[in-house]
Structure formats: structure tokens, C-alpha cells
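Here is the structure we will look at.
Quick note on labels: first sequence line is chain A, next is B, and so on, each numbered from 1.
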There are 2 protein chains.
Amino acid sequence: MAEGRPGQGFGGESLLFLTDEQLRQGIEAMFFAYRGFTADPDRILAEMAYGRAHHRAIHFINRAPGTTVNNLLSILGVTKQSLNRVLRALISDGLVESRVGVTDKRERHLFLTDKGRALETSLSDAQRARMRAAYKDAGPEAVQGFKRVLEAMMDSDMRRAYAKLRETGA
Amino acid sequence: MAEGRPGQGFGGESLLFLTDEQLRQGIEAMFFAYRGFTADPDRILAEMAYGRAHHRAIHFINRAPGTTVNNLLSILGVTKQSLNRVLRALISDGLVESRVGVTDKRERHLFLTDKGRALETSLSDAQRARMRAAYKDAGPEAVQGFKRVLEAMMDSDMRRAYAKLRETGA
DNA sequence: TTGGAATGTCAACAAGGCTGACTTAAAATG
DNA sequence: CATTTTAAGTCAGCCTTGTTGACATTCCAA
């Protein structure tokens, strides 16, 4: 708010958006926005005995059905012991199904059950609604910029892990 | 990646950025980018006995020197018991100074010491460097859009709390 | 057949959230 | 002036989610 339009490519003014003050504002915006981003799912999860860790597992299993545990580990960036606790809960509650691999029987392929898909939908609906509102508020041009900055902010291994996840078929 | 330029204001194509797929991509980008966003400070903090909670306290005390504990609470959105544990550590380690209020002696005003400022600088440098790189990568137009979407994603109470923090003088 | 990879499990621990109860001091209010 | 409210701090206990380390099982591959 009240930022005096960074220049569009003439002289030193084009670097105005790189001042410490601008960067600090970006950092704080990121902090507050992430809280808003997780607020809605957090409320739903709190009603059941779940947390964000469960949400993340459900999200990515839904995104890439049949993904292996190892795959999920590298996506989520946690230890297998940590993920295992979460998966065990989801499996025993009947939200996730773990199938022994066909070509490699050591691997377990993960799928959402109908019940799991129902929760995923409810979490995702809430999160998408906020995202949609923010996108609508900001406009298509802003959304382009938003994604471009976010992608530039990721580590390269994150992008690789994500790409790997998408390859994993059933 | 490989997104076919959403239309710039003609017909229904201008709403292409609101499809579920686009929204899901935004959600995932947010997740991965936030990890990148915190990765550098996390590494520095891990060397000392600190975590993200300490970083957040240090950040906002630096941002609004003299802010009160209550103020900080509403900004950070945690309980006083949780914040107190963190503040106690920072004060006893000589990074933060707590001064009794002048007009209201119940209040404690918080300041960074030289040592605290040194850590803040090191954390902030790391985070700003990544932010700067991302901004540079994406360009000024994208940065505008980035901030616009993030701000639209915040809860209104977050913006209020943030504004309140800025008012708090020494 | 043996080594190593993938998975799962047990135990222990820490950070950082939370609630509830309680104290102290000071301000505000009747 | 007496009472209530507010700001801050503290103690105890609990939960989630992360961590290490050790170890068993299964099974592919050299």
C-alpha cells in the first residue's frame, strides 16, 4: 500500500523494489499470508484429531495417487519416522490405503479411500476458496507475478522432488 | 511452468486463473516457497539453540522497537505462555532488553541489544538475499503482483495487528 | 548367497504450540 | 478509597510434529 510504483525499466529506479524496506515488507507479507493460507484447513483439522502434517500427506497422496512412501518423504522433507506416525494414523482411521508394490514388493503405494477423499475435498475447498478470493481480488496479472516470485523462491531440489512425484503412476 | 498465458481481459478466458487446477498449483507453490523462505534462517538458528519462534520475536522487536509484550502477542498470534518461554531465553541470553513502561509501569517495552541486532542482521541478510534473488528473477511487475495476492490472502485482523505494532513508539 | 535398499517399528527426546490456575503490580473505575 | 480490570510473568501439564538411534523384515540385485 502507498508504494510509489517501481519504475518500468528506466534508470536506477527499476531497482527500487530491491530496497531493504521493500524486501522486509515482502518477508512480512509472506509470514502473514502463510498464516491466512493455513487458517481454514487448520480449523477443520482441529475438529478431528489431525494437524497440518496429516493435511500435507493427504494433499500429496490425492495429488499423486499411488505414490510411494519414499517419494512422499522427499516431497514433504521430513523423516520417515515422522511421516510414518502420520500415515499409520491415516491408514488405521481408514483414510489412506497402502498397497504393496507390483513390480517391487518392498514399495508401498498410497491411495486415498473414499473417506480420505471426502476429507481432502473439504480441506481443499476451504483453502481454494481463500485462494480464489485472493486471486479475484488481485487480478490475473497479479497472479502471474505471484507464481513467478514463489517459484523463484523455491530450492531447486523442491522442484525436482515435485516433478518426481508427478511421474509416479499407480 | 508451461502455463498458457491467461487472457488479459477479453471474454471468459480472463477467468482461466481461477480453475481448480490453477488454484491447486498456487497452493502447492505456496507450500514449497514457504519452505524455501524459512530455509536459510533455519540453518543459522539451528547452530544456536534457537528456532523459528525466536526468529519471529526478534524480527518484530527489531521492526518495532519498544513494542509491548501484549502487542507482540497479537502480532504473532500465540499465547503469552508460549511467547514468554521464548522471550525469557532471549532476555537471559542478552539479545533482548525489557524496560518497564514510563507512563504505564505494568507494560514492558522490548528492545534488541547490540547482540540481538547482530543476530537479526545475520538472519535478515540471509532471508533478504533469497528474497532479492527471487525478486530479481521475477521482475518488478511480478513483485507487485506477488504482494497484491499475499495481502489479499491475509485475514483482516492480521493487517490490523500489524498496523497497531507500527504505532507503538519507544 | 550375500549385501544393500526400502520399509516399518520402538524408544527417547526437544521445540513450540496449547489450557488452566495463580501471583504481582499498577491502572482504571466506582 | 475500595474494587475491579489489565499487563505481565510463572508453574504444571498436555499435544503435535519434528528429530536420532537402533533394529527387524523383506526382497532385489550383484
Side-chain angles (χ1 to χ4, degrees), chain A residues 31 34-35 38-39 41-59 61 66-93 96-110 164 168, chain B residues 31 34-35 38-39 41-59 61 66-93 96-110 164 168:
Chain A
F31 169 67
Y34 197 78
R35 274 232 309 253
T38 57
D42 281 356
R43 263 189 293 274
I44 296 170
L45 291 159
E47 286 166 24
M48 346 183 76
Y50 296 137
R52 268 182 216 177
H54 302 86
H55 184 191
R56 290 194 287 264
I58 287 173
H59 174 96
I61 292 170
T67 190
T68 64
V69 173
N70 240 2
N71 241 322
L72 206 49
L73 280 178
S74 60
I75 285 277
L76 297 175
V78 297
T79 58
K80 68 177 173 176
Q81 292 90 334
S82 197
L83 175 59
N84 191 255
R85 180 171 33 200
V86 166
L87 282 181
R88 221 184 314 161
L90 293 174
I91 290 169
S92 82
D93 291 355
V96 167
E97 196 194 340
S98 166
R99 293 187 208 151
V100 172
V102 186
T103 59
D104 187 337
K105 289 177 192 166
R106 289 169 303 179
E107 294 180 339
R108 303 298 138 89
H109 296 271
L110 303 169
K164 197 169 145 204
T168 317
Chain B
F31 168 68
Y34 197 78
R35 274 234 308 255
T38 56
D42 281 356
R43 263 189 292 275
I44 296 171
L45 290 158
E47 286 167 23
M48 348 184 73
Y50 296 137
R52 268 183 217 177
H54 302 86
H55 184 190
R56 290 194 286 263
I58 287 173
H59 174 95
I61 293 171
T67 191
T68 64
V69 173
N70 241 359
N71 241 319
L72 206 49
L73 279 178
S74 59
I75 286 278
L76 297 176
V78 297
T79 59
K80 67 175 174 178
Q81 293 91 330
S82 198
L83 175 58
N84 192 256
R85 182 169 32 197
V86 166
L87 280 182
R88 222 184 313 166
L90 292 175
I91 290 169
S92 83
D93 291 354
V96 167
E97 197 194 340
S98 165
R99 292 186 209 150
V100 172
V102 186
T103 60
D104 188 335
K105 290 176 191 165
R106 287 171 306 178
E107 295 180 337
R108 302 299 138 88
H109 296 271
L110 303 169
K164 196 171 146 204
T168 317

Tell me, please, which residues at least two apart from [X] pass side-chain hydrogen bond (donor to acceptor under 3.5 Å, both in side chains).
{"X": "B:Glu97", "value": "B:Arg99"}
{"X": "B:Arg106", "value": "B:Asp104"}
{"X": "A:His59", "value": "B:Glu28"}
{"X": "B:Arg88", "value": "B:Asn84"}

Open item on the list: Using every non-hydrogen atom in the two residues, find where A:Ala57 and A:Leu90 come nearest and quote the distance to one decimal.
Closed with: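 Heavy atoms of A:Ala57 and A:Leu90 come nearest at CB-CD1, 4.0 Å.
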- [ ] Indicate the atoms forming the closest heavy-atom contact of A:Phe31 with B:Leu76, along with that distance.
- [x]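 So the two residues come closest at CZ-CD2, 4.4 Å.
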Open item on the list: Just to verify, what does B:His55 make a ring pair (Phe, Tyr, Trp, His ring centres under 6.0 Å) with, not counting sequence neighbours?
Closed with: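 Partners of B:His55 under the ring pair (Phe, Tyr, Trp, His ring centres under 6.0 Å) test: none.
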TODO: Taking side chain to side chain contact (heavy atoms under 4.5 Å, CB included) as the test, write out the residues that go with A:Arg52, two or more places apart.
DONE: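 A:Arg52 satisfies side chain to side chain contact (heavy atoms under 4.5 Å, CB included) with A:Tyr34, A:Thr38, A:Asp42, A:Arg56 once adjacent residues are dropped.
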- [ ] For A:Arg108, check side chain to side chain contact (heavy atoms under 4.5 Å, CB included) against everything at least two apart and list the hits.
- [x]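 For A:Arg108, the residues satisfying side chain to side chain contact (heavy atoms under 4.5 Å, CB included) (neighbours in sequence not counted) are A:Val69, A:Ser98, A:Val100.
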Open item on the list: Counting only heavy atoms and a strict 4.0 angstrom limit, can you tell me which residues of residues 49-57 of chain B come near DNA chain D?
Closed with: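 Within this stretch, nothing sits under 4.0 Å of the strand.
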Open item on the list: Pick the closest DNA chain D nucleotide for B:Val69 and for A:Val86 by heavy atoms, then say which residue is nearer the 5' end.
Closed with: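 Final value for this comparison: B:Val69.
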Rounded distance in Å - [atom1] ([X]) to [atom2] ([N]):
{"X": "B:His109", "N": "D:dA7", "atom1": "NE2", "atom2": "P", "result": "12 Å"}
{"X": "A:Asn84", "N": "D:dT16", "atom1": "CG", "atom2": "P", "result": "16 Å"}
{"X": "A:Leu87", "N": "D:dG18", "atom1": "CG", "atom2": "P", "result": "12 Å"}

- [ ] For nucleotides 19-30 of chain D, just jot down a letter per nucleotide in 5' to 3' order: B, S or -, based on protein non-hydrogen atoms under 4.0 Å.
- [x] BBBB---BBS--
TODO: Find the distance between OH (A:Tyr50) and CD1 (A:Ile58) and round it off to the nearest 0.5 Å.
DONE: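 Reported to 0.5 Å precision, the distance equals 6.5 Å.
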Open item on the list: Would you compute the distance between atom CG of B:Leu72 and atom CG of B:Leu87 and round it to the nearest 0.5 angstrom?
Closed with: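 Nearest 0.5 Å value for the CG-CG distance: 6.0 Å.
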- [ ] At the 4.0 Å heavy-atom cut-off to chain B, mark where contacts on DNA chain C begin and end, going 5' to 3'.
- [x]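 Endpoints of the contacted stretch of DNA chain C: C:dG16 to C:dA27.
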- [ ] Look at B:Asn70 and D:dA8 and indicate whether a side-chain polar atom (N or O) is within less than 4.0 Å of OP1 or OP2.
- [x]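 Yes, B:Asn70 has a side-chain N/O under 4.0 Å of OP1/OP2 on D:dA8.
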